[in-house]
Amino acid sequence: MKYFKAEWNESRGDEYDSWGTSIWFLELDEENNPIRQIEVYQNGNILKYDSIKMTDDFGMLGDQAIQIEEMNGIELSQSEFESQWEIESSN
C-alpha cells in the first residue's frame with residue numbers, strides 16, 4: 001500500500017463549489033487505485049470513502065488509478081494516514 005496527502009487547489013465546479021479547495025488523503029493499492037480516501041474541504045466539510053461506503057450524494061471513491069507524478073502531494077506513512085482516518089471518523 002501507498003499513502004499520500006495532496007492539495008487540490010481548484011474548487012469542485014459543481015453545486016458544492018462554495019466548499020472551496022480541498023486536501024485529499026489517499027490509500028492506494030499496488031496499481032495506484034484508491035482503497036480509502038478522505039477529502040477535507042476549506043469550509044470544514046469532510047468526505048470519506050472506502051469499500052464499505054463507496055459513494056454518497058457528494059462524491060465517490062476514485063475509480064481510476066492515480067497518476068502520482070501529476071499530484072501536488074507528499075507521501076505519508078501508513079500510521080500518518082491511519083491517524084487522519086481515525087480523526088475524521090470521530091467528526
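Please read all numbers here as calculations on a predicted model, not as lab measurements. Numbering of residues begins at 1 and proceeds along the displayed sequence.
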Could you tell me whether a side-chain N or O of [X] sits under 3.5 Å from a main-chain N or O of [Y], the two making a donor and an acceptor?
X: Asn33; Y: Ala65; value: yes
X: Ser79; Y: Ser83; value: no
X: Gln37; Y: Met60; value: yes

Check your understanding: Quick one: do the Glu86 and Gln84 side chains pair a donor with an acceptor below 3.5 Å?
Key ->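 Distance-only check fails for Glu86 and Gln84.
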Review point. Does one side chain, of Asp17 or Ser11, offer a donor that lies under 3.5 Å from an acceptor on the other?
Key: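 Result is yes, a qualifying pair exists.
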Review point. How many angstroms lie between atom OG1 of Thr21 and atom CZ of Arg12, to the nearest 0.5 angstrom?
Key: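 If we round to the nearest 0.5 Å, Thr21:OG1 and Arg12:CZ are 12.5 Å apart.
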Exercise for review: Measure the spacing between OG of Ser22 and CD1 of Ile38 and express it to the nearest 0.5 Å.
Suggested key: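 Reported value, rounded in 0.5 Å steps: 12.5 Å.
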Review point. Would you call the rings of Tyr3 and Phe81 parallel, tilted or perpendicular, where under 30° means parallel and over 60° means perpendicular?
Key: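 Answer is tilted, since the angle falls between 30° and 60°.
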Practice item. Please work out which of the three classes, parallel, tilted or perpendicular, describes the rings of Phe58 and Tyr16, given edges at 30° and 60°. Key: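 Correct class here is perpendicular.
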Exercise for review: Answer yes or no: does atom CH2 of Trp8 have more than 12 heavy-atom neighbours from other residues, nucleotides or ligands under 6.0 Å?
Suggested key: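 Counting neighbours around CH2 of Trp8, 12 or fewer heavy atoms of other residues, nucleotides or ligands fall under 6.0 Å, so no.
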Measuring only between side-chain heavy atoms, which start at C-beta, is [X] closer than 4.5 Å to [Y]?
X: Tyr49; Y: Arg36; result: no
X: Met1; Y: Ile35; result: yes
X: Pro34; Y: Leu28; result: yes
X: Asp50; Y: Trp85; result: yes
X: Thr55; Y: Leu61; result: no
X: Glu80; Y: Phe25; result: no

**Study point:** Partners passing side chain to side chain contact (heavy atoms under 4.5 Å, CB included) against Glu70 (at least two apart in sequence or in another chain)
**Key:**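 Applying side chain to side chain contact (heavy atoms under 4.5 Å, CB included) to Glu70 gives Gln67.
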Point to revise | Where at least one partner belongs to residues 56-67, residue pairs that pass salt bridge (charged side-chain N to carboxylate O under 4.0 Å, His left out), sequence neighbours excluded | key: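 Sorted result for residues 56-67: Lys53-Asp56.
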Practice item. Kindly determine whether Glu31 and Lys2 satisfy salt bridge (Lys or Arg N to Asp or Glu O under 4.0 Å), including the steps that lead there. Key: CA-CA 10 Å; Glu31 297 173 354; Lys2 301 174 207 161; over 6 Å; no
Exercise for review: Tell me, please, whether Trp24 has Lys5 positioned over its six-membered ring: NZ or CZ under 6.0 Å from the ring centre and within 45 degrees of its axis?
Suggested key: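 No, Lys5 does not lie over the aromatic ring of Trp24.
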